[in-house]
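Worksheet: the structure to be examined is printed underneath.
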Amino acid sequence: MRHLEGAYALIFKSRHYPNELIACKRGSPLLLGVKELNDDVCNGSAFHDAKFLSKNGNPKELFLSSDANAIIEHTKKVLVIEDGEVVHLKEGGVSILKFNNDKGRNGDSLSARPASVQRALSILEMEVEQINKGKYKHYMQKEIHEQPESLTTTMRGRLLRGGSCKAKTVLLGGLKDHLKTIRRSRRIVFIGCGTSYNAALAARPILEELSGVPVTMEIASDLLDRQGPIYREDTAVFVSQSGETADTLLALEYTLENGALCVGITNTVGSVIARNTHCGVHINAGCEIGVASTKAYTSQIVVMAMLALAIGGDTISKQERREAIIDGLFDLPNKIREVLKLDQEMKDLAKLLIAEQSLLVFGRGYNYATALEGALKVKEVALMHSEGILAGEMKHGPLALVDENLPIVVIATHDACFSKQQSVIQQLHARKGRLIVMCSKGDAASVCPGGGCRVIEVPQVEDCLQPVVNIVPFQLLAYHLTVLRGYNVDQPRNLAKSVTTQ
Ligand code: UD1
Ligand code: BG6
């Protein structure tokens, strides 16, 4: 450990030390699961080889893992291992040792004499059912279809309407003591990677509108590469499903050093980002297992819309707008149920696109993020080249790609950018583009006069919530394309759920 650099979680065993294991970590997560075996379980022969005897003679089984999901089917009791610690398992006994950073006598940066650490067991707050596939074939499919429920859980207790409370408001327990500071910030900086970055991008316009504070976007690795300026007067919002992504974590360390207020938005209670930010919001979407993020994405957008409502909460001029959004949030799970009915339609579209090399997705305004995220879903699971394009940039390059072969999805649901998207469709049509248009229910004739394109009709919701609805058909399309093309849906080639290395 004295010599290693970067993030790691390692386990060692040696034939010279039978019945012993050593594990250590820095930066990457590591959990030790502890299962006390009762008589019933001990009778199962599978456990006999692996069992340990604890000091009081009770048989125990121990698990080392970087993710609670892998442990939960065995035990809920875990020890969370911290950076710089070494776990020593020997014949059923567990000891944790901590090397502090003082100079040792021989001048080493880690002291030679480690201190023994006492730590109470933590109990995981999740159920095995959460990691079963239920009636679905794949986790990604299950997670797409459970979005009405995951969104309901995300909003539970946080939206207040009716009863003694006449006004419609939002209460984010984790942020209420920090709202004044956030409102006074010079700017709000969103920082994340992959899908989490896209979710922040989807929420950016409503945060700008309701807070009046400038909002900028940072891909975590790019902020680090540039060592971009971060100031004490900034609020930095770290968005991460896992709360463990190395790039986002390093950006958090960098931002803390620069003195900004750090807010976390994560799905994982106890994750490093949840622990190391000053405050934050858990999205409570439930455990997400499919590598391609789906339900966490929609819950992240909803939490950030609630963040915008909470920050803008004291402006009277925007009360009507805020209340309309809150009503929209209450109704959102129903709208997601409705859009999920497009499953078969998306399967048919997938059959049509199965042999394509490439797919372009044009979006703008609230749905620029949908274009990026829709393309990312197709790319990461269906292994098909796909690109999300800001429709306003169409004439500055992408138009050169348009011909009668390349399939193009244009997102043209009803919002302030609708007429601009109509004009984009006309221009693509004039160049014989092979168009698939996503529009609000009832708009098919106005987005596709003459019927020369395929139309996906989705329910209309408040403009800032429309990305939550619009991403669902893309998730379904990516899922079906992947299955039809015979690829692994839940563990796409070369990708990992938590990227804990840089
Ligand atoms: C909390 C409880 C919830 C309980 C509710 C009752 C937890 C995890 N949540 O939810 O079980 O029903 O009160 O009022 O115990 N935080 C960060 N960084 C992050 C995420 C969160 O610092 O990235 C902090 C928050 O500032 C807060 C705490 O973690 O102090 C819990 O956050 P959250 O679960 O979002 O709070 P509540 O919704 O109030
Ligand atoms: C990985 C995952 O690349 O990390 C993506 O494969 C995810 O699905 C990205 O969006 C960021 O992860 P997180 O946990 O920080 O949201």
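Both counts, for ligands and for their atoms, begin at 1 and track the order of listing.
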ask   = When only distance counts, is Val269 in polar contact with ligand 1, meaning an N/O pair under 3.5 Å?
value = no

query = Does the pair Glu218/Arg226 count as a salt bridge with the N-to-O cut at 4.0 Å?
reply = yes

message = Under 4.0 Å from atom 9 (N) of ligand 1, is there at least one protein heavy atom?
response = no

ask   = If you measure from atom 18 (N) of ligand 1 to every heavy atom of Thr277, Val239, Asn276, which option wins on shortest distance?
value = Thr277

request  = May I ask you to test the Gln475-Val472 pair for a side-chain heavy-atom distance under 4.5 Å?
outcome  = yes

ask   = Is there side-chain contact between Tyr479 and Lys347, with at least one heavy-atom pair below 4.5 Å?
value = no

ask   = For ligand 2, is there an atom lying under 4.0 Å from some heavy atom of Gly192?
value = no

message = As a test of the contact definition, would atom 1 (C) of ligand 1 count as having a protein heavy-atom neighbour under 4.0 Å?
response = no

query = How about Glu338 and Asn334: does a side-chain donor come under 3.5 Å of a side-chain acceptor?
reply = no

query = Hey, does Asn258 have a side-chain heavy atom less than 4.5 Å from the side chain of Arg232?
reply = no

request  = Kindly indicate whether the side chain of Leu309, heavy atoms from C-beta on, has any atom under 4.5 Å from the side chain of Thr169.
outcome  = no

inquiry  = I'd like to know if atom 4 (C) of ligand 1 has any protein heavy atom within a distance of less than 4.0 Å.
reply    = no

task = Considering the heavy atoms of Arg158, write down every atom of ligand 1 situated less than 4.0 Å from one of them.
result = 33 (P), 35 (O), 38 (O)

task = Go through the structure and list residues passing side chain to side chain donor-acceptor pair (under 3.5 Å) with Gln466, not counting sequence neighbours.
result = Asn470

query = Protein heavy atoms: any of them under 4.0 Å from atom 31 (C) of ligand 1?
reply = yes

inquiry  = Using a 4.0 Å cut-off to any heavy atom of Ser240, which atoms of ligand 2 qualify?
reply    = 13 (P), 14 (O), 15 (O), 16 (O)

note = ligand 1 atoms nearer than 4.0 angstrom to some heavy atom of Thr266 are 23 (O)

query = Looking only at side chains, do Thr268 and Glu244 share a donor and an acceptor under 3.5 Å apart?
reply = no

ask   = Does a side-chain heavy-atom distance below 4.5 Å link Leu32 with Val78?
value = no

Flag: protein heavy atom within less than 4.0 Å of atom 13 (O) of ligand 1 = no

key: Which residue and heavy atom of the protein sit nearest atom 16 (O) of ligand 2, plus the separation   = Ser196 OG, 2.5 Å

query = Starting from atom 10 (O) of ligand 2, which protein heavy atom do you reach first, and at what distance in Å?
reply = Thr195 N, 3.0 Å

inquiry  = Taking 4.0 Å as the limit for heavy-atom contacts, which would you say applies to Arg275 with ligand 1: side chain only, backbone only, both, or neither?
reply    = neither

task = Kindly indicate whether atom 35 (O) of ligand 1 is approached by any protein heavy atom to under 4.0 angstrom.
result = yes

request  = May I ask you to check whether Asn284 has an N/O atom sitting below 3.5 Å from an N/O atom of ligand 1?
outcome  = no

request  = Say whether Glu244 and ligand 2 are in contact under the criterion: heavy-atom distance to a ligand atom below 4.0 Å.
outcome  = no

message = In the structure I gave you, are the side-chain heavy atoms of Glu345 and Leu349 within less than 4.5 Å of one another anywhere?
response = no

query = Hey, is atom 25 (C) of ligand 1 under 4.0 Å from any protein heavy atom?
reply = yes

inquiry  = Is it true that Ser386 and Lys377 share a donor-acceptor pair across their side chains at a distance under 3.5 Å?
reply    = no

task = Give the C-alpha distance, both sets of side-chain angles, the deciding distance and a yes or no for salt bridge (Lys or Arg N to Asp or Glu O under 4.0 Å) between Glu85 and Arg26.
result = CA-CA 8 Å; Glu85 290 179 352; Arg26 186 162 68 196; over 6 Å; no

query = Considering only protein heavy atoms, which is closest to atom 8 (O) of ligand 2, and at what distance to one decimal place?
reply = Val291 O, 3.2 Å

inquiry  = What I want to check is whether the side chains of Gln241 and Thr266 have a donor and an acceptor closer together than 3.5 Å.
reply    = no

key: Protein heavy atom under 4.0 Å of atom 39 (O) of ligand 1   = yes

query = Purely on distance, is any nitrogen or oxygen of Ser242 under 3.5 Å from one on ligand 2?
reply = yes

key: Test side chain to side chain donor-acceptor pair (under 3.5 Å) applied to Lys295 and Glu146, Glu288, Glu143, Gln147, the passing residue   = Glu146

inquiry  = What I want to know is whether Gly280 and ligand 1 share at least one N or O pair that is separated by under 3.5 angstrom.
reply    = yes

remark   = for atom 9 (C) of ligand 2, nearest protein heavy atom and its distance come out as Cys193 O, 4.1 Å

ask   = For atom 3 (O) of ligand 2, which protein heavy atom lies nearest, and how many Å away is it?
value = Val499 CG2, 3.7 Å

query = Of all the atoms in ligand 1, which lie at a distance below 4.0 Å from a heavy atom belonging to Gly174?
reply = 25 (C), 26 (O), 27 (C), 36 (O), 39 (O)

ask   = Which residue and non-hydrogen atom of the protein lie closest to atom 29 (O) of ligand 1, and at what distance in Å?
value = His282 CE1, 3.7 Å

key: Validation row: Ile471, Thr298 side chains within 4.5 angstrom (heavy atoms)   = yes

query = Just checking, is any N or O donor in the side chain of Ser185 or Thr235 under 3.5 Å from an acceptor N or O on the other one?
reply = yes

ask   = Just by distance, with hydrogens left out, do His480 and Asp343 show a side-chain donor and acceptor under 3.5 Å apart?
value = yes

query = Quick one: which ligand 1 atoms are inside 4.0 Å of a heavy atom on Cys279?
reply = 16 (N), 17 (C), 18 (N), 22 (O), 26 (O)

query = Which of the numbered atoms in ligand 1 are below 4.0 angstrom from a heavy atom of Gly173?
reply = 39 (O)

ask   = Considering only the protein, which heavy-atom contact is closest to atom 13 (P) of ligand 2, and what is its distance?
value = Thr245 OG1, 3.2 Å

request  = Report the nearest protein non-hydrogen atom to atom 6 (O) of ligand 2: residue, atom name, distance rounded to 0.1 Å.
outcome  = Ala496 O, 3.0 Å

